[in-house]
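In what follows, a single structure is set out as structure tokens and then discussed.
Start at 1 with the first residue, then count along the sequence.
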Amino acid sequence: MAKAPTPGASRQIEIDQQVEAELSKRIRITCAAENKTYELEFGDLGPREDRISMQQTGFPVSAFFDQDRLGALSVLVLWWTMLRRNGKPNLQFAKVEAKYRDNRRFAAAGFVVEVIDADGNELGEDDLGYDTDDDEAAVPEG
């Protein structure tokens, strides 16, 4: 006779799948001025990166990984983290911030940010969970 599933077990599986999906989110940043492209997976971040980022920016790097709010500061913090993880472990955030200290320099650097899945495919707005249903904003007929 088969045993019945443990109550709550199916809910745990759903949570585990959701956590795994979050951990596998990746951001790819290309900087034309530096002719470099790096990727960073959320699952690769940890307390060490958060602590270093908090010491130098006042915020944990994981807070900048929010794809809904990627702005210039987020891009610079993520770019700095990617540089540190790819051969420049002692790079200070102040140096990156000074290099791209105003919007003109930031724009001229040609940063391109892509949110990608674990296979490297760019995620579209539908994949990011944005509500793009235009019917709600349509003027009622009649």
Side-chain angles (χ1 to χ4, degrees), residues 3-142:
K3 291 178 106 182
T6 306
S10 61
R11 177 70 182 138
Q12 184 62 43
I13 291 169
E14 290 173 18
I15 291 171
D16 290 345
Q17 290 171 344
Q18 183 179 12
V19 168
E20 185 61 35
E22 286 293 316
L23 293 175
S24 65
K25 286 184 181 175
R26 300 178 72 84
I27 291 184
R28 177 187 299 143
I29 300 178
T30 300
C31 179
E34 297 186 29
N35 197 26
K36 293 181 182 173
T37 299
Y38 295 117
E39 293 181 10
L40 183 63
E41 186 172 295
F42 186 74
D44 292 339
L45 299 175
R48 182 174 190 273
E49 286 85 4
D50 278 344
R51 180 183 48 78
I52 291 169
S53 181
M54 287 179 66
Q55 289 172 339
Q56 295 195 32
T57 70
F59 299 99
V61 69
S62 56
F64 293 101
F65 209 90
D66 185 357
Q67 60 202 22
D68 296 333
R69 296 182 286 161
L70 282 175
L73 180 60
S74 300
V75 172
L76 288 182
V77 170
L78 292 170
W79 182 248
W80 165 66
T81 302
M82 292 170 177
L83 289 171
R84 285 187 39 260
R85 294 176 61 88
N86 287 281
K88 298 183 179 182
N90 298 319
L91 179 64
Q92 299 292 307
F93 177 71
K95 288 194 175 199
V96 175
E97 186 179 37
K99 188 171 187 176
Y100 305 108
R101 65 180 168 266
D102 55 47
N103 290 332
R104 188 172 291 113
R105 291 172 195 237
F106 181 81
F111 283 101
V112 176
V113 180
E114 302 167 278
V115 180
I116 57 175
D117 63 15
D119 297 324
N121 302 313
E122 188 172 4
L123 298 176
E125 287 186 15
D126 293 341
D127 300 317
L128 297 175
Y130 297 137
D131 184 13
T132 57
D133 186 8
D134 295 332
D135 293 341
E136 291 180 18
V139 177
E141 293 181 17

Could you check Val77 against Phe59 for side chain to side chain contact (heavy atoms under 4.5 Å, CB included), going step by step and ending with a plain yes or no? CA-CA 10 Å; Val77 170; Phe59 299 99; over 6 Å; no
Which heavy atom of Ser53 sits nearest to which heavy atom of Pro60, and what is that distance? OG-C, 3.7 Å
With sequence neighbours excluded, residues passing side chain to side chain donor-acceptor pair (under 3.5 Å) with Glu97: none
Could you walk me through whether Phe106 and Val75 pass the side chain to side chain contact (heavy atoms under 4.5 Å, CB included) test, one step at a time? CA-CA 10 Å; Phe106 181 81; Val75 172; 3.9 Å; yes
Minimum heavy-atom separation for Ile27 to Val113, with atom names? CG2-CG1, 3.8 Å
Not counting sequence neighbours, list each pair that qualifies as a salt bridge (charged side-chain N to carboxylate O under 4.0 Å, His left out) and has a residue in residues 100-112. Asp102-Arg105
State which residues pass ring-ring contact (aromatic ring centres under 6.0 Å, His included) with Trp80; sequence neighbours excluded, sorted by chain then number. Phe93
Inter-residue atom distance Tyr100.OH - Phe111.CZ, 0.5 Å rounding: 4.5 Å
Could you work out, with side chain to side chain contact (heavy atoms under 4.5 Å, CB included) as the rule, every residue matching Arg48, not counting sequence neighbours? Arg51, Ile52, Arg84
Sequence neighbours left out, what passes salt bridge (charged side-chain N to carboxylate O under 4.0 Å, His left out) with Lys99? Give chain and number order. Glu34
Rounded to the nearest 0.5 Å, how far apart are CG of Asn86 and CD of Glu39? 10.0 Å
The reported gap from OG in Ser62 to CG in Leu45 (rounded to nearest 0.5 angstrom) is 6.5 Å
Nearest 0.5 Å please: distance from the CZ atom of Arg26 over to the CD atom of Glu114. 12.0 Å
Take Thr37 and Arg28 through the test side chain to side chain contact (heavy atoms under 4.5 Å, CB included) and record every step on the way to the result. CA-CA 7 Å; Thr37 299; Arg28 177 187 299 143; 3.5 Å; yes
Supply the atom-to-atom distance Leu78 CG to Tyr38 OH, rounded to the nearest 0.5 angstrom. 14.0 Å
Residue list, side chain to side chain donor-acceptor pair (under 3.5 Å) with Thr81, at least two apart or on another chain: none
Roughly how far, to the nearest 0.5 Å, is the CD atom of Glu49 from the CG atom of Leu40? 8.0 Å
